[in-house]
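Report on the following structure.
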Amino acid sequence: KGQAEALIWDIGIGNGQQIVRLIDSWRKTGEPLARRLTVIGLDPSQSSLNQAEQALGDVCGNAGIELRFVNLPKTVEALTTEDWLQLDALLSPMAGQWLANASFALHHIQPVSLRDAFFSRLKSNRPARCGMIEPYADFLTDNLQQRFANAWHHYGLSFWAIDQIDAPAENKNLLKSVFFGREILDVIAKDEGRIEQFETGEMWSERLQKAGFQLGLPQGLPVSIPGFPAVGVQSFGQYIGFTAKAFPVISILLAR
């Protein structure tokens, strides 16, 4: 708000709807916005990046913001030295003034050891804020029995929350079997190349702090999500939890 220029690096931007809603909510406050906005979109899907650029162009046009969209059709682990040099050139002039956002993306980084290196590289470019959203579960353990128990707990709570939604049973069952069913099969596989390698809020907090980030939570949190009364919102000290039956199923972390 009020800056001449702003920059957001959205890691796993998808079709851009989260950033679109963010900009639109800023616009509706009526307060002065940045006149120029650079959005770095990182996503392995080029079609999703094209949709994100179009959607952001529309919302920025309505808000009177000049948009620059930087297209990176890759995953974090596929970033080359040349890519990082390009990112450094964009981020360094905005040190202390740009935002990093990652929603349900960082648990896909393989190998897991690369996550610490990524946070260190991110911190070296001095974001003003780094926000991330991740499912809450420990799927890193090599103990299959423990991983099965963790999956039973996480998806059991998720399915319970889905059952509370006012929607046709057929739709809810499809969500469980088609979307989450694929995840569950991956989680309980013995293959070391498992994709869905979730971490808990505590585990992500430790990684961020190891990289030099300081964690902080906003004031005045709501206790529930409008339209989803079964899902609670609770502070767990270093992260915010979206909860089902008072247990976290999603972690939200804010770092600087």
Side-chain angles (χ1 to χ4, degrees), residues 1-109 114-115 118-134 204 208 211 213 216 218 250 252-256:
K1 294 179 180 179
Q3 292 184 196
E5 187 171 358
L7 186 150
I8 300 173
W9 182 11
D10 197 337
I11 302 151
I13 192 172
N15 61 10
Q17 288 307 303
Q18 189 178 37
I19 300 299
V20 165
R21 289 193 294 271
L22 179 64
I23 295 170
D24 200 43
S25 68
W26 283 344
R27 181 182 62 83
K28 289 176 180 177
T29 65
E31 296 186 38
L33 300 176
R35 295 190 296 273
R36 293 181 302 278
L37 173 65
T38 298
V39 175
I40 304 171
L42 178 74
D43 197 278
S45 170
Q46 183 62 63
S47 63
S48 292
L49 287 167
N50 293 340
Q51 293 176 45
E53 184 172 11
Q54 178 64 52
L56 285 163
D58 291 342
V59 73
C60 286
N62 292 334
I65 298 171
E66 178 186 338
L67 173 69
R68 178 190 182 190
F69 188 82
V70 179
N71 188 318
L72 279 177
K74 295 190 173 186
T75 59
V76 167
E77 54 266 47
L79 291 171
T80 64
T81 300
E82 290 74 18
D83 292 328
W84 276 110
L85 288 173
Q86 179 190 5
L87 286 165
D88 291 344
L90 291 166
L91 301 176
S92 293
M94 298 290 291
Q97 301 180 63
W98 63 278
L99 306 175
N101 181 64
S103 295
F104 301 104
L106 300 184
H107 67 267
H108 290 138
I109 295 177
L114 186 59
R115 299 176 187 183
F118 171 72
F119 282 136
S120 294
R121 190 70 186 253
L122 194 66
K123 177 62 176 174
S124 71
N125 279 295
R126 296 176 54 200
R129 295 287 187 278
C130 175
M132 56 181 287
I133 303 173
E134 283 290 331
W204 287 117
L208 286 164
F213 283 99
I250 291 173
I252 302 175
L253 298 102
L254 303 172
R256 58 186 300 178

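Everything numeric in this text was worked out from a predicted model, so none of it was measured. Only heavy atoms go into these numbers, but all of them, side chains included; no hydrogens, no water, no symmetry mates.
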Between L37 and Q3, does the side-chain contact (heavy atoms from CB on, under 4.5 Å) criterion hold? Intermediate values first, please.
CA-CA 10 Å; L37 173 65; Q3 292 184 196; over 6 Å; no

Working to the nearest 0.5 angstrom, can you tell me the gap between R115 CZ and S120 OG?
14.5 Å

Nearest heavy atoms of S92 and N125, plus distance in Å
OG-OD1, 3.8 Å

Which distance, rounded to the nearest 0.5 Å, do you find between the CD of E5 and the CE of M94?
5.0 Å

Would you give the length of the straight line joining atom CD of Q18 to atom CD1 of I8, rounded to the nearest 0.5 angstrom?
10.0 Å

State plainly whether the residues R36 and E66 are in salt-bridge range, i.e. N to O under 4.0 Å.
no

With a 4.5 Å cut-off on side-chain heavy atoms, are L7 and Q97 touching?
no

Find out whether N62 and C60 are in side-chain contact, i.e. whether some heavy atom of one side chain is under 4.5 Å from a heavy atom of the other.
no

Closest contact, heavy atoms only, G41 versus F69:
CA-CZ, 4.1 Å

Salt bridge (Lys or Arg N to Asp or Glu O under 4.0 Å) between R21 and D24, worked out
CA-CA 5 Å; R21 289 193 294 271; D24 200 43; over 6 Å; no

Do you know which two heavy atoms are closest between L67 and G57, and how far apart they sit?
CD2-N, 3.6 Å

Could you grab the distance from atom CD1 of I23 to atom NZ of K28, nearest 0.5 Å is fine?
13.0 Å

With side-chain contact (heavy atoms from CB on, under 4.5 Å) as the test, would you mind laying out the steps for T75 and H108 before giving the verdict?
CA-CA 9 Å; T75 59; H108 290 138; over 6 Å; no

Could you state the interatomic distance from CD1 (I40) to CG (L99), rounded to the nearest 0.5 Å?
11.0 Å

What are the two closest non-hydrogen atoms of D83 and A78, and how far apart are they?
OD2-O, 4.0 Å

For S103, run the side chain to side chain contact (heavy atoms under 4.5 Å, CB included) check against I133, D10, I11 and tell me which one passes.
I133

Check A211 against K123 and note the closest heavy-atom contact, atom names and distance.
O-CG, 3.3 Å

Do H107 and W204 have side chains that approach each other closer than 4.5 Å (heavy atoms only, starting at C-beta)?
yes

Value for SG (C130) from CG (N101), rounded to nearest 0.5 Å, stands at 8.5 Å

Audit row: N15, N50, side-chain contact (heavy atoms from CB on, under 4.5 Å) steps and yes/no:
CA-CA 8 Å; N15 61 10; N50 293 340; over 6 Å; no

Taking the side chain as every heavy atom from C-beta outward, state whether K74 and L42 have any pair of such atoms under 4.5 Å apart.
yes

Under 4.5 Å between any side-chain heavy atoms of I252 and E134, yes or no?
no

Any side-chain heavy atom of W9 sitting closer than 4.5 Å to one from L122?
yes

I'd like to check L208 versus M132 (side-chain heavy atoms, cut-off strictly below 4.5 Å). Are they in contact?
yes

State, yes or no, whether a side-chain contact exists between V70 and Q86 at a heavy-atom distance under 4.5 Å.
yes

Considering all heavy atoms, the nearest R126-W98 contact:
O-NE1, 3.4 Å

